[in-house]
Amino acid sequence: MTIPYRPLVLGFAAIAFSLVLLQRAQAGGSHFFAPVADPVVREECGSCHMPFAASMLPADSWQRMMGNLKDHFGDDASVDAETARRITGYLVANAADTGGRRYSDKLLRGVAMNNAPLRITELPKWVREHRKVADWEWKHKDVRTRANCAACHRDAERGYYDE
Amino acid sequence: MLLTTPILAGPREDLLAQYATAAKAAASAFSGFSAARGKTLHTQAFVGGKPDTPACTSCHGQDPRSAGRSLAGKVIDPVAVSVSPSRYADPAKVEKWFKRNCNEVLGRECATQEKGDWLTYMFSQ
């Protein structure tokens with residue numbers, strides 16, 4: 001009796017290979033940004049827009065943003081001091097130039113670290129990636145604003161930005 | 001016997017009762033909240049707030065039983081209790097959003113009476 005080990009081995013090899021690919025896509029690729037894991041941050045920073053990944057901005061930016069939630073792009077996003085401390089801690093620890101570095105990849109290229117940008121949508125790399133998106137697309141009623149990532153990137157909430 | 005009242009009173013009802021006490025303290029003529037006034041508050045267009053959000057319905061939509069949408073495009077679950085039964089259970093959350101949203105729409109904080117009316121409307125929906 002011959003054991004059909006060959007297909008089995010090949011099968012395992014295929015699985016192992018796709019695991020490697022998956023890991024690359026999740027850890028090294030420029031299209032994956034780990035979604036916010038902290039439930040408090042998801043709740044407080046995810047009710048008006050999707051919770052933006054901490055790894056999309058450097059720590060200084062988060063610090064600056066958290067310092068003035070009362071006037072947050074014209075909205076009042078303020079929270080109590082205790083909650084603010086927790087949110088700041090999470091964002092700073094997972095920022096593009098700290099714990100989230102492996103995701104941020106090239107997103108911070110050309111960003112002067114000392115001027116702490118507040119908008120992901122104004123990072124030079126982001127602007128370059130979106131330069132082919134037409135005017136009418138930005139104005140579409142389901143998009144409304146550049147910050148509405150999920151309108152175009154269906155899996156944005158899960159961290160994926162391929163198109 | 002002992003069980004009859006507590007069955008009706010959840011955190012939501014407690015909050016409304018607190019608003020009623022405060023509204024009475026603020027104006028002795030207070031004679032209860034009104035879902036009809038709440039509906040007016042919800043749908044009326046104001047001029048005191050931000051131009052792009054003249055009414056509660058700018059984000060929450062015309063029909064409280066349907067989902068709304070924030071300016072940044074995020075879907076907001078319906079505000080009517082019949083379709084979103086888990087709402088208004090956390091008084092701190094309710095207060096936080098009344099403060100933000102009333103400022104945004106009316107350009108001032110809402111009075112206790114207005115909050116109670118609005119909630120009464122949503123409880124009835």
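Lettering follows sequence order; numbering is per chain, from 1. Side chains included, hydrogens not; waters and symmetry mates left out as well; all remaining heavy atoms used.
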Hydrophobic clustering (ILVMFWY, side-chain heavy atoms < 4.5 Å, transitive) - are [Y] and [X] grouped together?
X	Y	result
Trp97(B)	Tyr88(B)	no
Leu16(B)	Val79(B)	yes
Phe32(A)	Trp126(A)	yes
Leu69(A)	Phe98(B)	no
Ile76(B)	Val105(B)	no

Spatial distance of atom OG (Ser70(B)) from atom CE (Met50(A)) [nearest 0.5 Å]: 12.5 Å

Can you check whether Ser78(A)'s main-chain N or O pairs, donor with acceptor, with Arg100(B)'s side chain at less than 3.5 Å?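 Yes; at least one donor-acceptor contact below 3.5 Å.
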
Choice from [options] maximising heavy atom contacts with chain B below 4.5 Å:
options	value
Ala147(A), Gly46(A), Cys48(A)	Cys48(A)
Glu43(A), Lys141(A), Glu44(A), Arg146(A)	Glu44(A)
Val79(A), Asp75(A), Asp80(A)	Asp75(A)

Show the nearest heavy-atom pair for residues [X] and [Y], with the distance to one decimal.
X	Y	answer
Lys74(B)	Ser47(A)	CG-O, 3.6 Å
Thr145(A)	Leu71(B)	CG2-O, 3.6 Å
Arg69(B)	Asp142(A)	NH2-O, 2.9 Å

Taking CZ in Arg108(B) as the centre, count heavy atoms belonging to other residues, nucleotides or ligands within less than 6.0 Å. Is the count above 12? yes

So which residues of residues 109-125 of chain B are in contact with chain A at a heavy-atom cut-off of under 4.5 Å? none

Given side chains that start at C-beta, do those of Lys96(B) and Asp76(A) come closer than 4.5 Å, heavy atoms only? no

